[in-house]
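Contents: one structure, followed by commentary.
In what follows, residues are counted from 1 in the order of the sequence shown. One-based numbering, in listed order, for ligands and for the atoms of each.
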Amino acid sequence: MSVDQYFTPENQSLVKTYLTQEIYDSLKGVKTKDVGYDVDIAIQTCKDNQDSGVGIYAGDEDSYFALAPIFDPIIDAYHGGYSKDAKHKSDMDPSHLKGSEEKVDDFVISTRIRVGRNIRGYGLSPGISREQRSELEKLLTNALTKLTGDLSGKYFPLLGMSETDRIKLVEDHFLFKKGDRFLESCGANRDWPEGRGIFHNDKKTFLVWINEEDQLRIISMQSGGDFVEIFDRLGRGIKAIEASIKATADKVYMFNDHHGFIHSCPTNLGTGMRASVHIKLPKLSADKDKFYKTCADLKLQPRGVHGEHSESKGGIYDVSNKHRIGYTEVELVQTLIDGVSKLIALEKAL
Ligand code: ADP
Ligand code: DAR
């Protein structure tokens, strides 16, 4: 089968760039160990969505090994250079962060730092079975009940949540929407909304998404730009959840020293960390192409006010680090802090 048949001439995805006929043929008949995933299922999202930027998801932890010939070049290209023998590095120490030279609170409305995590022994969202997803929801929500102090909170399953409550949580930027067409194609939306939900503390500054694009999205967020406080809360939350799933279910996060923390999308490997600000840059963003180029030069990625594939509003953008692997968590947050300072200086100059 010719691999070219899957892509239109307009398709500019990393899959189209790196899935040569030779690699495609070498992967025919290869099935992954945990969920029996193969290259055709992995790139279904790209076949269905010719405007994909990346175009591939993993169905289980083994996908990154069994389908390495296509994942490796895509990981290297997306994360700005990450060779097959590179080692993941980590630094979650908030004291290593250097503050911004600018008064960020005049421009930064809110700051959110998130990581994804997945539990070894279960399929990833695109490949997990209905039974496993429900079992995982029970395991994770039980582990979350053990959290204490400012991490303690309550779990709200999507199944049975009133539409009014759901819409309010989404509009207030706390809850995820149903997976987009890219996630639909890779199977991450199967059985929606069963097994999905949100855990959060009273102040909604520490939140955990269950079984969205990844099995866990661990989030720390608040108004303003206190990066250190938000980063510190996130680090404590990641550790507390890891300890609780070990104590209550003898489970660990999917991790290896090359890919770092395993995620369903290769764009989230390594730290899985996206540190973002909602920032008001009406003048700088007036020329959208120039603004996007300025962000790219600062290793930042602009998104709309409701996240990926959404629109900005009144010159307010979600601006975050683009890369996730090959850098420590401190380096990624520092990239955002330094980039925000630069964007504010440019906005003020206008
Ligand atoms: P993710 O960050 O988990 O990849 P999205 O880009 O879809 O997912 O964003 C998820 C939600 O988080 C969206 O509602 C988005 O508005 C919200 N969000 C992201 N960054 C911020 C921020 N700095 N302040 C407030 N909400 C934010
Ligand atoms: N739209 C898909 C997703 C890429 C990264 N975003 C994620 N994982 N939510 C693409 O292939 O462009």
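- A donor and an acceptor atom, one from each side chain of Q334 and D338, are located under 3.5 Å apart.
- The option from E308, H309, R324, R181 that lies nearest to atom 9 (N) of ligand 2, judged by heavy atoms, is E308.
- A side-chain donor from one of E137 and Y155 sits under 3.5 Å from a side-chain acceptor of the other.
- Under the salt bridge (charged side-chain N to carboxylate O under 4.0 Å, His left out) criterion, K47 pairs with D40, sequence neighbours left out.
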Show me the donor-acceptor pairs, under 3.5 Å and distance only, between side chains in residues 239-246 and residues at least two apart or in other chains.
residue, atom, partner, partner atom, Å
S244, OG, A143, O, 2.7
K246, NZ, D250, OD1, 2.6

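- Between K16 and D4 no salt bridge is recorded (no basic side-chain N to carboxylate O distance below 4.0 Å).
- Protein neighbours of ligand 1 below 4.0 Å, counting non-hydrogen atoms: S110, T111, R112, R114, H173, W209, R217, M221, R274, S276, V277, H278, R303, V305, H306, G307, E308, D318.
- Protein heavy atom at the shortest distance from atom 2 (C) of ligand 2 is Y57 OH, 3.7 Å.
- A salt bridge links R181 to D51: one of the charged nitrogens lies within less than 4.0 Å of a carboxylate oxygen.
- A salt bridge between K103 and D106 is present, with a side-chain N of the basic residue lying under 4.0 Å from a carboxylate O of the acidic one.
- Interface of V54 with ligand 2, defined as ligand atoms under 4.0 Å from a residue heavy atom, comprises 10 (C), 11 (O), 12 (O).
- Considering backbone and side-chain N/O of C265, none are found under 3.5 Å from N/O of ligand 2.
- Counting protein heavy atoms only, atom 12 (O) of ligand 2 is closest to G53 N, 2.7 Å.
- Ligand 2 places these atoms under 4.0 Å from at least one heavy atom of S52: 11 (O), 12 (O).
- By the 3.5 Å distance cut-off applied to N or O atoms, I56 is not counted among the residues near ligand 2.
- Sorted by first and then second residue, the salt bridge (charged side-chain N to carboxylate O under 4.0 Å, His left out) pairs involving residues 69-85 (not counting sequence neighbours) form an empty list.
- Nearest non-hydrogen protein atom to atom 8 (N) of ligand 2 is E213 OE2, 2.7 Å.
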Fill in: R217 and D214: CA distance, side-chain angles, deciding distance, salt bridge (charged side-chain N to carboxylate O under 4.0 Å, His left out) verdict
CA-CA 7 Å; R217 286 290 173 90; D214 287 296; 3.0 Å; yes

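- Shown here is Q12, whose CD atom has no more than 12 heavy atoms of other residues, nucleotides or ligands within 6.0 Å.
- For ligand 2, the polar-atom distance check against G55 finds a nitrogen or oxygen pair separated by under 3.5 Å.
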